[in-house]
Amino acid sequence: MLSTKTFTLKSRLLLLALVLLSAIKGYSQQTRSVADFDRDWRFHLGDVSDGQEVSTTDNNWRKLNLPHDWSIEGEFSKDNPATPEGGALPGGIGWYRKTFTIPAASKGKEVYIDFDGVYQKSDVWVNGHHLGFRPNGYISFRYELTPYLKYGQPNVIAVKVDNSSQPNSRWYSGSGIYRNVWLVTTNKVAIDHWGTFISTPKVSKNEATVNMQVKLHNASGKPQQATVTTAIYDAAGKLLKTVTNNVNIVDSSATATQQAKVLAPMLWSDVHPYLYKAITKVSLGKTLTDIYTTNFGIRYFDFDVDKGFSINGVSVKLRGVCDHHDLGSLGAAINYRALQRQLEILKDMGCNAIRTSHNPPAPELLDLCDKMGFFVMDEAFDVWERAKKKYDYSLFFKEWHKRDLEDQILRDRNHPSVIVWSIGNEIPEQRRPIAADIAKELAGIIHNLDRTRPITTANNNPDTSNKIISSGAIDLAGYNYHYKDYPTFQQRYPGKKFIGTETTSALETRGYYDMPPNIDSIRRWPVKNNYNDHVNMNPDNTVSAYDNVSAPWASTHEESWKPIKKYPFLSGMFIWTGFDYLGEPTPYTWPSRSSYFGIIDLAGFPKDVYYMYQSEWTDKTVLHLLPHWNWQTGKTIQVWAYYNHADEVELFLNGKSLGKKAKKGDDLHISWAVPFQPGTLKAISYKDGKTVKVAEIHTAGKPAKIELVADRKTINADGKDLSFITVKILDKDGNLVPNADNKVDFKVNGSAFIASVDNGDPVSHDPFKANYRKAFHGLALAILQSNEKAGNITFTATADGLAPAVLTLQAK
Ligand code: GAL
């Protein structure tokens, strides 16, 4: 039995714990809440009259969770108004509605809805009140809900998305609320939307100056005396510094300027992406009204006329890629893991920079680049006033460019990864005097908000007729293509700084190889009259995966990288593109519906040239052989090897040496002409006579079995996480069958569903939302998504005539 004394002590402790707990709970309720608002929406494809009215019935609409892209669910057709350039998928109009309840406790608070991106021309209503229209499909925006809300009762948000005016894009845009949505609740006095700005103007080994601007929003209707305290924490969570200011908010807003010194700072870079945290608290007297976290990095960088780019005093080439926003078979619908996987694949190749062509990215991309160590060129526009497509953003530029550009800068300026703002890609007016005026205006808009990063434009006419470069408005002369002019850049533009905003545009189909004599010469494809000609593309729309085919305005991977590598004043390059993307199957030749430009295909499988970059851009020891080894006996096969860390490579066919070869001068690969015999092709690289690495390819027999390889076998049971399963068609000895195109059927049981399937074939019109896929050059992909329930997942792949495969995974 408990003595009274012990009981009293225990109950007191319990009471104390309860008080503390409720204080903590109350504490979080008293300040800001940012809630995921993605669940339980209703969707209707097509226009609806009175879709915004509360009384409209939506319980027969489809129930879904955001992010959502309705185009990716559609059927490919060359007659879709987006055209194959836009991905050949349907656009149209769609409506979304969500019914939600705001607790009575939120009365007196400010409530906002934040959209990370809606493509495009969205109108938003709450309880029948029109909140606004936003034409730009890539910008993040917020509406205030407060005046229209009912507390403790149902409220209805309605969103009309209009992607019916087509074509409006030169690539696949997707349609719908394709990025995340948040419900934000704050007190009347709180930090404003994107209200902090942190910069590090002075950085040395010993000390960094951290400047902070904190913009406060005051909706109380009366002047307020606020206390703003920012605490800086290192990555381990250790408190380093605290700064406090008293701020007199006379009107609806006021900005606190704070400064702190961080001693012996850990510097952020691509190889050391170290992040600090600033936690800002706002109080009115003794009442805490807001807590707001800003992640930031401490770093300095420079673009030098002669020495190119450096980070924290160390010269580094920008080894970048351009990427569009789609996530292959998942479409435009943002998924954190899918983005992270793309960046992991790029990191493994040695890539250290991303250009968000040609629009503001999903905010998650910048978070990932901060964490993983990628430099970012954050781009605003593909057009200004002159159109590229009949219904593109040029229709809205005049009215919206200021607002859109400001919002992009405010949202993105705390990311250490962002090192360049690009205010335009291949702007059609670049040779007209008006371009200088617009460039100056846009640069001015940025300078008002951020003076810590250089500004560029990506110019396809980068010669001296370019009015943007000569305007003085931009800091870096951006070259799209024109690789032959790189070496003489300094003569053309004395005193200016170079950046290869867009390079390469080589084309390849993964796993497909044209044999001699075609491969002996580089093909600018297509070459005849205009770039829509079907010249040199094979009749089945394949393009050889030897790096010897490029768009006519462009160059192969090797041609582009060689000068960038050679000249220190060339700060770096952004290759078009890292990944194949939906749309722009240059030339726009049906039945192709996605691009061939990627170093990695649409499913995420590397093409051979990936290993050229890996051999040049990483410390990994590389020896990669191409092509596959299934040919007609006697046919002469061009064998290529990409390698590093070695002096020479010896090739053997069925044990017989075919000689040693070594790269000479600026060579990036070596090659042999080999009369084909089935068997084993083996390469050994040597350094000082010692073996460095061995690579082997075997002639594969008939398809016999399926192998499944998951990138992750344990995923989060959060309804969002993904496992990417590579499906391989093997012969009986376990060799990948290079031309296998077996149709594979998938079944999933347990805590996941199939989010999409793919194989990287730019010509396939099979749906991405399906439970089957044909292999393409021996490979297919199935993407599993967790369904919010923890437990086992059993994934089965079967195909006629092949031994099936089963994989067990887990959602936790
Ligand atoms: C560039 C353009 C890119 C893409 C690429 C294809 O001119 O900036 O968006 O179209 O060509 O080569």
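Each ligand, and each atom within it, is numbered from 1 in the order the structure gives.
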> Can we call the ring centroids of F569 and F498 under 6.0 Å apart?
Replying inline: no
>> Can you confirm if the NZ or CZ of K347 lies within 45° of the ring axis of F374 and under 6.0 Å from the centre of its six-membered ring?
In response: yes
>> Under 4.0 Å, counting heavy atoms only: does W553 come that close to any atom of ligand 1?
In response: yes
> Can you name the ring pair (Phe, Tyr, Trp, His ring centres under 6.0 Å) partners of Y336, sequence neighbours left out?
Replying inline: none
>> Test: salt bridge (charged side-chain N to carboxylate O under 4.0 Å, His left out). Region: residues 454-475. Which pairs qualify, not counting sequence neighbours?
In response: R431-D463
> Taking 4.0 angstrom as the limit, do E344 and R337 come out as a salt bridge?
Replying inline: yes
>> Checking the N or O distance criterion of under 3.5 Å, is ligand 1 in contact with Y581?
In response: no
>> Yes or no: does N425 have any heavy atom under 4.0 Å from an atom of ligand 1?
In response: yes
>> Check this for me - ligand 1, R170, N or O atoms closer than 3.5 angstrom, yes or no?
In response: yes
> Should the pair D407-R134 be classified as a salt bridge under the 4.0 Å nitrogen-to-oxygen rule?
Replying inline: yes
> Taking non-hydrogen atoms only, is A551 closer than 4.0 angstrom to ligand 1 via side chain, backbone, both or neither?
Replying inline: neither
> Looking only at non-hydrogen atoms, which of K388, E502, H324 approaches atom 2 (C) of ligand 1 most closely?
Replying inline: E502
>> Closer than 4.0 Å to some heavy atom of Y481 - which atoms of ligand 1 meet that?
In response: 1 (C), 5 (C), 7 (O), 11 (O), 12 (O)
>> Check whether D547 reaches the backbone of E558 with its side chain - one donor and one acceptor, N or O, closer than 3.5 Å.
In response: yes
>> Quick check on contacts: which atoms of ligand 1 are under 4.0 angstrom from a heavy atom of F597?
In response: 6 (C), 12 (O)
> Which of the numbered atoms in ligand 1 are below 4.0 angstrom from a heavy atom of E426?
Replying inline: 1 (C), 2 (C), 7 (O), 8 (O)
>> Within ligand 1, which atoms have a heavy atom of H358 less than 4.0 Å away?
In response: 3 (C), 8 (O), 9 (O)
